[in-house]
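Report on the structure given below.
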Amino acid sequence: MTSMTASIANFTFNDILLNAAGVYCQTDEELDQILKADGAGSLVTKSATPIERAGNPGVRYADMPLGSINSMGLPNLGLDYYLDYTIKHQSEKPLFLSIAGLSKADNLNMLKEIQASDFNGLVELNLSCPNVPGKPQTGYDFETTAQILEEAFAFFDKPLGVKLPPYFDIAHFDMIAKILNQFPLAFVNTINSIGNAMMVDPETDTAMIAPKGGFGGIGGAIAKPTALANVRALRQRLNPEIKIIGTGGVKTGRDVYDLILCGADLVSVGTTLHQEGPQVFGRLKQELADEMSKKNYTDVTDFRGQLQTLA
Ligand code: DHB
């Protein structure tokens, strides 16, 4: 038997895969499909704002040759909707509630509401939404990130993690890890989409998506090396109590394996889930088991974080 489990805070996950926030998680109907999908050990809800938002107008998601590009603009049904859903289902599996306020005050107010509620799962504070016009990604502003965490942990005592944008410089890995290590975070989720990229439709010579003049976050296969680097760099720098959810570039079981090798505890799937639907988890679980048996591993702990480098 192959063992594929993980633990974060006091929770045990019976499978290590889940959706990436934003994909298959906006409505009850979508969330129910992830909740019962073979191979999915958890789910995360669409990043919520205090009240519902329609998101950006026009074509806001497109598949592209090596992945996808999107600028959704935080369409969501509001915090209360996702709080109700997760409280209703929290006895079935450990669940993640994602929040993405457009200001520090929004984030702190949502955390206060969650703190006062019956929610007993994990909260993912999204510091990396790239798609709201005029609102830079908080995760690239180290001072503001530290300030939000300082104020949040002054009152919030449920398991809390952060969703980070990809970093591209060794100095930035050092800087963000130094900040995160100052707080009792349960986990980090890395990476969000690679923000503000551009893709051209060769038929029409237009940008592939409408919002923000065509600028959008890219994910899928093209993001895999950046995801591996961020998981690896953060695993090397973060306190061992801070677990890692690896996100980015998963198409096959081997991609899941590689994220675990770099240090991921759980692995989430965005673009490929969007393209294939919730059956993707069963496929990926089987492919991961096949990859592990090729290497004579029976437990993900046999190789988690064990990436070797060349001399
Ligand atoms: C959206 C995109 C993201 O990458 C994110 O983290 C949150 C929201 C969006 O456009 O809806």
Side-chain angles (χ1 to χ4, degrees), residues 18-27 30-31 43-64 67-79 81-82 96-104 106-107 110 122-141 144-145 148 160-168 176 187-199 207-220 222-224 226-227 230 245-250 268-274:
L18 71 157
N19 65 302
V23 183
Y24 261 92
C25 59
Q26 201 169 326
T27 61
E30 291 178 337
L31 289 161
L43 59 76
V44 56
T45 54
K46 173 67 184 170
S47 295
T49 49
I51 51 169
E52 70 174 297
R53 283 172 58 88
N56 295 334
V59 176
R60 55 193 190 177
Y61 173 97
D63 288 311
M64 56 182 207
S68 66
I69 183 165
N70 86 84
S71 183
M72 306 300 290
L74 269 174
N76 78 93
L77 296 165
L79 176 63
Y81 184 92
Y82 302 106
F96 293 88
L97 177 64
S98 174
I99 59 169
L102 300 188
S103 65
K104 186 176 76 172
D106 270 8
N107 280 323
M110 287 193 284
L122 304 105
V123 175
E124 180 168 291
L125 172 61
N126 185 351
L127 299 178
S128 46
C129 173
N131 300 336
V132 179
K135 300 281 179 187
Q137 294 160 83
T138 307
Y140 288 140
D141 177 342
T144 302
T145 295
I148 289 181
L160 178 64
V162 286
K163 177 79 171 272
L164 298 171
Y167 298 99
F168 303 96
I176 191 68
F187 67 94
V188 303
N189 185 334
T190 180
I191 58 172
N192 206 317
S193 58
I194 302 172
N196 296 297
M198 176 64 71
M199 198 64 189
M208 286 189 84
I209 55 172
K212 290 181 68 178
F215 289 88
I218 56 171
I222 202 163
K224 179 178 166 179
T226 304
N230 277 263
I245 305 175
T247 305
V250 171
S268 79
V269 187
T271 296
T272 306
L273 170 62
H274 186 274

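Counting starts at 1 for both ligands and their atoms, in listed order. If you read the sequence from its start, that first residue is 1, and numbering goes on from there.
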Best match, [options]: closest heavy atom to [atom]:
atom: atom 6 (O) of ligand 1; options: Asn56, Thr49, Asn192; answer: Asn192
atom: atom 10 (O) of ligand 1; options: Gly22, Gly270, Gly73; answer: Gly73
atom: atom 1 (C) of ligand 1; options: Gly139, Ser128, Ser71, Cys129; answer: Cys129

Ligand 1 contact by [X], heavy-atom criterion under 4.0 angstrom:
X: Pro75; result: yes
X: Pro130; result: yes
X: Lys46; result: yes

What is the closest protein heavy atom to atom 2 (C) of ligand 1, and at what distance does it sit? Asn131 ND2, 3.5 Å
Atom 9 (C) of ligand 1 [closest protein heavy-atom partner, distance rounded to 0.1 Å]: Leu74 N, 3.3 Å
side-chain contact (heavy atoms from CB on, under 4.5 Å) test vs Leu127 passes for just one of Thr144, Val162, Ile176, Asn192, namely Val162
For Ile245, the option from Val44, Val188, Leu18 that meets side-chain contact (heavy atoms from CB on, under 4.5 Å): Leu18
Considering all heavy atoms of both residues, which atom of Val132 and which atom of Cys129 are nearest to each other, and what is their separation?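 That closest heavy-atom pairing would be CG2-SG, 4.0 Å.
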Could you tell me which non-hydrogen atom of Leu77 sits nearest to which non-hydrogen atom of Tyr82, and how far apart they are? N-OH, 3.0 Å
Any chance the rings of Phe187 and Phe96 have centres within less than 6.0 Å?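 Under 6.0 Å, so yes.
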Taking atom types as modelled and ignoring hydrogens, do the side chains of Asn131 and Asn70 form a donor-acceptor contact shorter than 3.5 angstrom?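 Note: Asn131 and Asn70 side chains meet the donor-acceptor criterion.
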Show which atoms of ligand 1 fall inside a sub-4.0 Å distance from at least one heavy-atom site of Asn126. 5 (C), 6 (O), 7 (C)
For ligand 1, which atoms have a heavy atom of Ser193 less than 4.0 angstrom away?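 Per the distance check, 4 (O).
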Quick one: does Thr49's side chain have a donor or acceptor within less than 3.5 Å of a partner on Ile51's backbone? yes
